[in-house]
Every structure is written in structure tokens, then in C-alpha cells.
Amino acid sequence: MLTAMVIVFLVGYLMIALEHPLKINKAGTALLIGTALWVMYTYAAPFFIPRASAEEFSLFLESFPSLGSLTFKEQCTRFVVEHQVLDSIGEIAETLIFLIGAMITVELIDAHGGFMFITNHITTKKKKKLLALVAVITFFMSAVLDNLTTSIVMIMLIRKLLGNYKERWVFGSIIIIAANSGGAWSPIGDVTTIMLWVRGNISTSSTIPHLILPSIVSALIPVLIAMRFLHGNVTPPNAFSEMETGNELLTKLKDKEKRSILIIGVLCLLFVPIFKTVTHLPPFMGILMGVGILWFYTEIMYARTPIDEDLKLRLSKVVHRIDGATLLFFLGILLAVDALRYSGVLSDFAFWLDDTVGNVYAVNLIIGALSSIVDNVPLVAGAIGMYPVATDAMVAAATDPAYLANFVQDGVFWQFLAYCAGVGGSMLIIGSAAGVVVMGLERINFIWYLKNISLLALAGYLSGAAVYILQNVLFNV
């Protein structure tokens with residue numbers, strides 16, 4: 001059964017990677033393999049539980065003595081249904097609820113023209129200066145928002161500034177790299193860092209100072225190389241049109257109202273790490289509080305603004321705009337990974353990596369390279385399942401305490417994983433959500449990106465990785 005589960009997962013993985021040629025949405029594939037693997041795991045639970053969850057199973061039976069009269073298979077089924085499934089859903093829900101809150105916040109800002117205050121202030125026509133400016137804005141915007149939304153906003157910007165599609169391809173490619181690098185050093189900048197942060201693998205106070213310099217280098221190197229091939233001024237579009245001219249709501253709202261939603265929304269996002277540190281509650285509580293504040297504010301704003309009700313974009317309307325398919329994809333893939341984790345196959349793979357590679361830097365560089373081929377969400381979810389967060393007691397009792405210390409909260413493994421999984425996806429255009437959306441919006445050719453950009457992204461990826469390794473090995477930062 002274990003072999004069959006691995007085959008189902010790999011086939012599903014391949015279908016997710018080939019989503020566009022197959023024309024099958026990856027969310028449907030993820031949900032199918034997630035539920036199928038749990039069915040297979042539950043059916044074979046009497047085989048898996050003794051080898052992978054024996055201690056938890058014993059504690060479960062001690063907590064419910066009435067189960068002693070059941071057969072072993074029935075006990076295993078009850079353990080899966082009443083303990084493991086609930087634990088899995090609880091952890092997944094923390095990530096999904098946070099993502100829902102963040103997506104609602106960003107969508108509300110965008111719907112009210114908040115991002116226009118950033119894009120409308122860029123006036124330079126010099127290619128090199130504009131490329132550097134776009135990269136810097138993308139890098140830091142992605143750290144606060146997410147790389148997917150940031151990429152969409154920045155593509156809207158360059159469409160206003162660039163008329164030549166080949167020039168937009170170069171700028172769009174740098175947006176992909178900068179968005180992925182910018183999301184890697186912030187706990188709320190990328191889905192993978194959100195997963196690591198929510199599950200307690202990394203913390204804000206340690207991740208930002210350790211990863212910001214490697215992330216800057218990973219974006220800076222490709223930008224500097226690309227600038228060497230850019231000369232002169234950009235080609236302006238023939239029909240220059242202001243963004244969102246067709247949105248009647250934006251013509252009715254005052255600038256101070258648009259700006260206030262931008263400021264409150266960004267502050268709500270920045271407030272989440274502070275909320276977690278002060279209250280010790282999970283991050284989704286902080287983001288939901290932020291959504292409540294925005295909802296309360298926009299209701300008061302619309303009550304005081306003489307606008308037709310049909311034009312008002314209340315938060316109850318904005319909720320319908322968030323990408324539900326993306327959320328279902330995460331749900332399905334995390335369910336699938338959890339089923340494999342409980343079966344013990346991920347821990348077995350972790351032992352194989354330890355025996356074969358035995359170096360946390362090399363393991364993460366491999367994961368980063370893989371993330372350019374397939375989605376980084378299941379890769380990071382798999383790593384979380386393979387390597388539990390080590391406690392001080394586990395480190396003290398280990399035969400090799402120095403090695404296990406890499407897996408404590410904010411350990412080298414988890415921080416480098418956040419970097420590699422986030423930045424590594426830039427090496428191929430299909431390797432990240434930002435790459436896929438820019439590819440779709442600008443019709444960037446896969447082969448063109450491979451020939452012209454992949455080596456730049458690889459140079460940035462390896463340079464940033466070298467900086468992180470030097471920080472830890474030479475300077476012990």
C-alpha cells in the first residue's frame with residue numbers, strides 16, 4: 001500500500017506540473033490525490049500506525065479505555081478519524097484562514113485603487129533606472145503583500161510605461177525574480193514562509209535579519225546583469241490609458257479615502273507579526289482582526305459617502321473576488337502531504353537524505369532546484385513533514401546534537417529552506433505562482449525565459465545561498 005500511495009502522489013504531482021498542457025486545474029488534482037491518499041492510509045492503518053505512530057496510538061488508547069473492546073483494525077480507524085484527521089485539518093486550517101484574510105485585505109486595497117498611489121509616482125523613462133526602480137518596489141512590496149498580488153500590480157504598472165512587448169518580457173522576468181526574493185525573507189511574503197511561520201518552524205525576529213541580505217543579493221545579481229544589456233529610453237505605449245479608468249467607483253472616491261484604505265490595509269498586514277509576538281495567539285487571529293478593522297472602516301466610509309449602493313465595493317462583495325481555487329489547491333496538497341507524513345514515508349525519505357547527503361545546506365539547495373520544476377508548496381509541506389521541529393530536550397539526547405540543532409525553531413535548516421524554496425522557483429517561469437501569472441498576463445514564452453533569464457536567476461539563487469552560508473559558517477550571524 002505504501003508503494004501505491006507514493007505512486008498516486010507522484011502521478012498527481014506530475015499532473016500538477018503539467019496543468020497547462022493537460023488543461024486540468026491543479027486544485028482538482030490536489031483535492032483528488034489528497035482525499036485518495038487519506039482513504040488509502042485509513043484502509044492500511046493497521047500496517048502504518050505501529051511503525052510510524054506507535055507512541056501516539058498508545059496515548060490515544062489510554063485516553064479512551066472504552067476502545068479496548070474493539071478489534072485492532074477498528075482501534076486504528078478510530079485513531080485516524082478522531083485524532084490524526086482532526087490534527088491535520090487543524091494545522092491546515094491555520095494556514096488557509098490566514099491566507100483568506102490576507103487575500104481579502106489585498107483585494108480590498110486593490111479594488112479601491114490603493115496601489116495606484118505607488119504606481120502613479122513612477123515617471124522615469126530610462127530603461128536601466130526604471131528596471132532598478134521596478135525591482136526595488138517589487139522586492140519590498142512582495143515582503144509585505146504576497147508575490148502573486150505584487151506581480152499582478154507591477155505588470156499593470158509596466159503596461160502603462162512600456163509599449164514594446166519584448167521590453168515588457170525583460171521587465172516582467174525581473175518582477176518574477178524580485179517578487180520571489182522579496183517574499184523569501186518575510187514571514188508573510190510568500191505562501192511557503194507563511195506555512196513555516198504558522199507552524200512554528202521560523203519566527204519573525206530571527207528570519208528577517210538572517211534572510212534579508214541573501215534575498216537582496218539573489219535579486220540584485222540578476223538586475224545588475226540585465227541592466228548591462230539595456231540602453232536608452234523605454235518605448236512608450238501607443239495608447240496610453242490610465243489604470244482603472246473604467247471603474248466608476250474610483251472616480252467617485254476621494255484620494256484621501258483611497259489612501260486611507262491603503263494605509264490601514266498595509267498596517268493591518270504589518271500588525272500580524274506584532275500581534276503574534278504580544279498575544280502568543282496564532283497569526284490567523286491577527287489577520288482576522290485586521291479584516292474586521294477594514295470591514296468596520298469601509299462600512300463607516302460608505303455610510304458617509306454619497307455613492308450609489310450598486311457601486312459600493314463593501315467587503316462582503318470583495319470576498320467573492322478572492323481566488324478560491326488557489327485555496328482549494330493548498331488544502332488538497334497539504335492533505336496529501338499529511339497522509340504521507342502519517343504513513344512514515346516522509347521520515348524514511350528524510351533518513352535517506354541524511355544518510356546520502358547529510359548536509360542541511362545541500363539538502364535545501366536540492367529542494368530549491370526542485371521548486372523551479374514543480375510547485376514549492378508541496379515541497380515545503382513535505383519538508384515540514386519529514387523533519388519535526390527539534391526541542392532542546394531532543395537536541396540534548398541526540399547522538400549528534402550539533403546536527404540536530406539545525407532543526408530547532410529558527411534553525412539553519414528552516415531558514416535556508418524558506419530562502420531556497422522561495423528564490424529557487426525563479427529559475428524556471430513555471431516554478432512559482434509569480435512566474436505563472438506573469439507568463440499568462442504577458443504571454444512570455446517558456447523557451448525564451450529559459451534561454452534569457454534562467455541563468456540570471458540561477459546566478460542570483462546561488463549568490464544569495466553563498467551569502468547565507470557565509471553568514472553562518474564564517475561569521476556565525
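As the structure is a computational prediction, the values presented were derived from the model and not from experiment.
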Is it true that, when you exclude Lys126 itself, more than 12 heavy atoms of the residues, nucleotides or ligands shown sit nearer than 6.0 Å to its NZ? no
Could you check whether atom CE of Met289 has more than 12 heavy atoms from other residues, nucleotides or ligands sitting under 6.0 Å from it? no
Sequence neighbours excluded - side chain to side chain donor-acceptor pair (under 3.5 Å) pairs with any residue from residues 127-142: Lys127-Glu167
Check step by step if salt bridge (Lys or Arg N to Asp or Glu O under 4.0 Å) holds for Lys166 and Glu442. CA-CA 10 Å; Lys166 279 293 179 70; Glu442 287 298 320; over 6 Å; no
Listed by chain and number, what are the ring pair (Phe, Tyr, Trp, His ring centres under 6.0 Å) partners of Phe296, not counting sequence neighbours? none
Does some side-chain heavy atom of [Y] sit less than 4.5 Å from a side-chain heavy atom of [X]?
X: Met301; Y: Tyr297; value: yes
X: Asn201; Y: Trp197; value: no
X: Lys276; Y: Leu281; value: no

Check the angle between the aromatic planes of Tyr461 and Tyr419 and answer parallel, tilted or perpendicular using the 30° and 60° thresholds. parallel
Which word best sums up how the rings of Trp185 and Phe139 line up, parallel for under 30°, tilted for 30 to 60°, or perpendicular for over 60°? parallel
Under the side-chain hydrogen bond (donor to acceptor under 3.5 Å, both in side chains) test, residues paired with Tyr361 that sit two or more places apart: none
Heavy-atom nearest pair, Val198 first then Pro283, reads CG2-CG, 4.1 Å
